[in-house]
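Note on naming: letters A, B, ... go to the chains in the order of the sequence lines (proteins, then strands), and numbering restarts at 1 for each one.
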Protein chains: 2
Amino acid sequence: MTTITEVAQHAGVSVKTVSRVMNNYEHISPKTRDKVRRAMEDLSYAPSSIARQMRMGDSQSIGMLYGDPSGGYQSRLNHAVLKACSDARRYLAVELFEESNPEWRRQVEAFLDRTKVQNLILVPPMCDSAELHMLLQERGIRTVLISPSRQISGSSSIAMDDRLAAFEMTKYFIDLGHNRIGHICGHPGHVASLLRRQGYEEALKNAGIDIDEALILGAGSFFFKDALACAEKMLRMEDRPTAIFAANDEMAAAVIMMANRIGIQVPEDLSVAGFDNTAISQTMWPELTTVAQPFGEIAREAVRLVSDNVKRDLSVSATRVLPHEILYRGSTGPAPEN
Amino acid sequence: MTTITEVAQHAGVSVKTVSRVMNNYEHISPKTRDKVRRAMEDLSYAPSSIARQMRMGDSQSIGMLYGDPSGGYQSRLNHAVLKACSDARRYLAVELFEESNPEWRRQVEAFLDRTKVQNLILVPPMCDSAELHMLLQERGIRTVLISPSRQISGSSSIAMDDRLAAFEMTKYFIDLGHNRIGHICGHPGHVASLLRRQGYEEALKNAGIDIDEALILGAGSFFFKDALACAEKMLRMEDRPTAIFAANDEMAAAVIMMANRIGIQVPEDLSVAGFDNTAISQTMWPELTTVAQPFGEIAREAVRLVSDNVKRDLSVSATRVLPHEILYRGSTGPAPEN
DNA sequence: TTGTATGCGTTATCAA
DNA sequence: TTGATAACGCATACAA
């Protein structure tokens, strides 16, 4: 293993100078800088993060509080962040967080003490807990939020354009000839539910289709189980929709499952689309047309922002919106002739 | 933060003595030991793992190589290990591993260099790669294997009893009055497929039911997609089975999906059971009867074995078998009258 | 603009 | 059985 001392000797300078180059110090002559850079390359030098942490006192690890991993969204996001950290050569310390647990404060504090992380990535629904933010602010922990329901002053956040994606998906249905299009809303507490519904409604309005409140049902959550009842209700309607756009993949799966049970063919009699592109969208048949969350990009950006956080002015909070993609698969097709 | 020096002063001994007590040194008088222990308690001293790593050169982190996380099994296992490490206050460094990637050697070596981990947890299918084990052995990396297809000398392993679980599940079908019971096998390269099939066949023999080779189909993988064809073939048989036991949940999901499409009622006309208790088993309707892998216990045991590894004699390799549970849910019922 | 010397908290060497 | 002191690799106060 190469050390800073060896680099210094190889470059014919002092260790301090090497340190300066590594940390992008201001006052340094270009000549010395190049010399040092070359020496680092020659010796394929990599600074020891351990020693650095030792000296600096704080951990360089990134922390993440994550929720119930049984949901496909959490699961994909966790893996994406794990991979992004790995690629960025950063450690990730994770802790399961349940706000329903009355001990959560103590748990989070223990996590912080143990890991000494200064930077946290927060995903839904944790990123919307006011109490959690208070606690973190008290302790001076910086946070990066993924798809929060509202901005938190001092925290950067990353999101996709839920409204636009829902608009596009609905428009796709309309272009296929559908005009009775149902929507199953997700958890009312999360802004994504609202935005997706807005996108859906705007697309209808835009096409001159009247909004039929009977075709908009709220499951009260993002869960498969809760969506089953909505699906049954909608599919047993006298004049049932020819297409249903669910606010996430698990709920779309519930629609397909119910349609199959009732004997409605997908996509011949009914088109179904979801949102998120989680695992379940490909473990059904036909496969689900859905909106692909840019999980990889979101995670990479989060890690990048965490790294920037150190230098960033905390009074400013940036928000990045990342592009999504619509995946056209087998669960959608032209509206039935009638 | 309390340091070792403060503890030494408080106890009236040298730092080295405190260090000795912490690391359970042999030659130390019980009196001094107690004195130091008390001092550590009084000051609620916790040794700095950073400084320790700095001194020792190696990382205390546990490493894990994981495969394609889109499968429910990998996903659950990853989370379980993450949680177990967190509970045991150990860091986990993870890396995505794909043996199909021709660069995998370099990738693993880079991971090892970067993280300096000495202990690795290996899950299927990585735990069965002879080449990977060679590489790790060369570098002196100790491993703990989860559900490997074969033992590796010097590595501990943890597994559940696949054969027994499959036996029990099949017996459950028989007790429900089924006598035409189909089986969909998983990836032939993994021993779990074989064991599950053996358990299935033994239960049949045990009940005096002849084994009908036509009712045993191999999907060639553990994937939903590949199981669809098997399911269709089996369900379109003239004398189709009244129950199907699939070697994992995703394949069971394919059976249910296909049954619904064909118009076969589950569980009235057809009982279906899976294996693993992954997320998909509860995002279908009816919910899937399945074998619950003891993910949590497996992960905890793995972390425990990794911690023991340091002291363990590497010429001995232990294997732990952990108890499973069968979850009876809505997808199974009595055999149809007829 | 650059270099020297010191310390972060721990373990190891060697001597007592 | 114990203790003084040197390392581990890096960053910084201070000096030049």
Side-chain angles (χ1 to χ4, degrees), chain A residues 1-40 43-61 89-91 113-116 118 307 310-311, chain B residues 1-40 43-61 89-91 113-118 310-311:
Chain A
M1 228 209 101
T2 328
T3 76
I4 195 175
T5 317
E6 297 172 277
V7 175
Q9 283 170 350
H10 191 87
V13 297
S14 76
V15 288
K16 174 63 186 165
T17 305
V18 178
S19 175
R20 283 191 177 101
V21 172
M22 278 197 294
N23 301 306
N24 299 314
Y25 242 67
E26 316 262 317
H27 308 292
I28 196 145
S29 79
K31 201 161 58 180
T32 349
R33 184 157 40 96
D34 290 349
K35 208 164 49 180
V36 172
R37 287 255 166 83
R38 219 179 344 265
M40 296 201 293
L43 281 60
S44 66
Y45 166 75
S48 152
S49 60
I50 297 288
R52 196 173 251 168
Q53 283 172 51
M54 168 89 169
R55 184 65 233 280
M56 311 287 271
D58 77 340
S59 159
Q60 292 294 103
S61 299
R89 314 194 147 202
R90 299 279 242 121
Y91 279 89
D113 288 342
R114 185 176 94 235
T115 62
K116 296 186 176 48
Q118 301 295 325
S307 308
V310 184
K311 309 160 199 161
Chain B
M1 228 207 100
T2 328
T3 76
I4 195 174
T5 317
E6 297 171 275
V7 175
Q9 283 170 351
H10 191 87
V13 297
S14 77
V15 289
K16 177 60 189 168
T17 303
V18 178
S19 174
R20 284 192 177 100
V21 172
M22 279 196 294
N23 300 302
N24 300 314
Y25 241 68
E26 315 263 316
H27 307 293
I28 197 147
S29 78
K31 203 163 55 181
T32 351
R33 187 158 38 101
D34 291 348
K35 207 164 49 180
V36 172
R37 288 254 166 83
R38 221 183 339 269
M40 296 201 293
L43 281 60
S44 66
Y45 165 75
S48 152
S49 62
I50 297 287
R52 191 173 262 172
Q53 284 173 49
M54 168 91 168
R55 187 62 240 272
M56 312 284 274
D58 78 341
S59 158
Q60 291 295 103
S61 300
R89 314 192 148 205
R90 299 279 242 118
Y91 279 89
D113 288 340
R114 185 177 94 235
T115 62
K116 297 186 176 48
V117 296
Q118 300 295 323
V310 185
K311 309 159 199 162

Considering just the side-chain nitrogens and oxygens of [X], establish if one lies under 4.0 Å of OP1 or OP2 belonging to [N].
X: B:Thr32; N: D:dT2; result: yes
X: A:Thr5; N: D:dG9; result: no
X: B:Ser14; N: D:dG3; result: yes

Atom pair distance, as rounded to whole Å: [atom1] in [X] and [atom2] in [N]:
X: B:Met40; N: C:dT10; atom1: CE; atom2: P; value: 11 Å
X: A:Asn23; N: D:dG9; atom1: CG; atom2: P; value: 18 Å
X: A:Met54; N: D:dC8; atom1: CE; atom2: C1'; value: 8 Å
X: B:Met56; N: C:dC8; atom1: CE; atom2: P; value: 21 Å
X: A:Ile4; N: C:dT2; atom1: CD1; atom2: C1'; value: 14 Å
X: A:Leu43; N: D:dG9; atom1: CG; atom2: C1'; value: 15 Å
X: A:His27; N: C:dG3; atom1: NE2; atom2: P; value: 16 Å
X: A:Arg33; N: C:dT2; atom1: CZ; atom2: P; value: 10 Å

Contact between [X] and [Y] at the side-chain level, heavy atoms closer than 4.5 Å - yes or no?
X: A:Lys35; Y: A:Thr32; result: yes
X: A:Met22; Y: A:Ile4; result: yes
X: A:Val7; Y: A:His10; result: no
X: A:Tyr91; Y: B:Thr115; result: yes

Measure from the side-chain N and O atoms of B:Gln9 to the backbone N and O of B:Glu6, and report whether any donor-acceptor pair falls under 3.5 Å.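 Checked: no pair found.
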
Within the 4.0 Å heavy-atom criterion, would you say B:Ile28 contacts the bases, only the backbone, or no part of the nucleic acid?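 Sugar-phosphate only.
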
Pairwise distance [atom1]([X]) to [atom2]([Y]) - rounded to 0.5 angstrom:
X: A:Met56; Y: A:Ser49; atom1: CE; atom2: OG; answer: 12.0 Å
X: B:Gln53; Y: A:Met54; atom1: CD; atom2: CE; answer: 11.0 Å
X: B:Ser61; Y: B:Arg90; atom1: OG; atom2: CZ; answer: 8.0 Å

Any residue in residues 44-53 of chain A with a heavy atom nearer than 4.0 angstrom to DNA chain D? Just list them by number, or reply none.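 Contacts with DNA chain D under 4.0 Å: A:Tyr45, A:Pro47, A:Ser48, A:Ala51, A:Arg52.
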
Positions of residues 15-22 of chain A (non-hydrogen atom under 4.0 Å from DNA chain D), listed by number: A:Lys16, A:Ser19, A:Met22

Between B:Asn23, B:Val18, B:Thr17, which is the residue that forms a side-chain contact (heavy atoms from CB on, under 4.5 Å) with B:Arg20?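 Going through B:Asn23, B:Val18, B:Thr17 one by one, the side-chain contact (heavy atoms from CB on, under 4.5 Å) with B:Arg20 is satisfied by B:Thr17 alone.
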
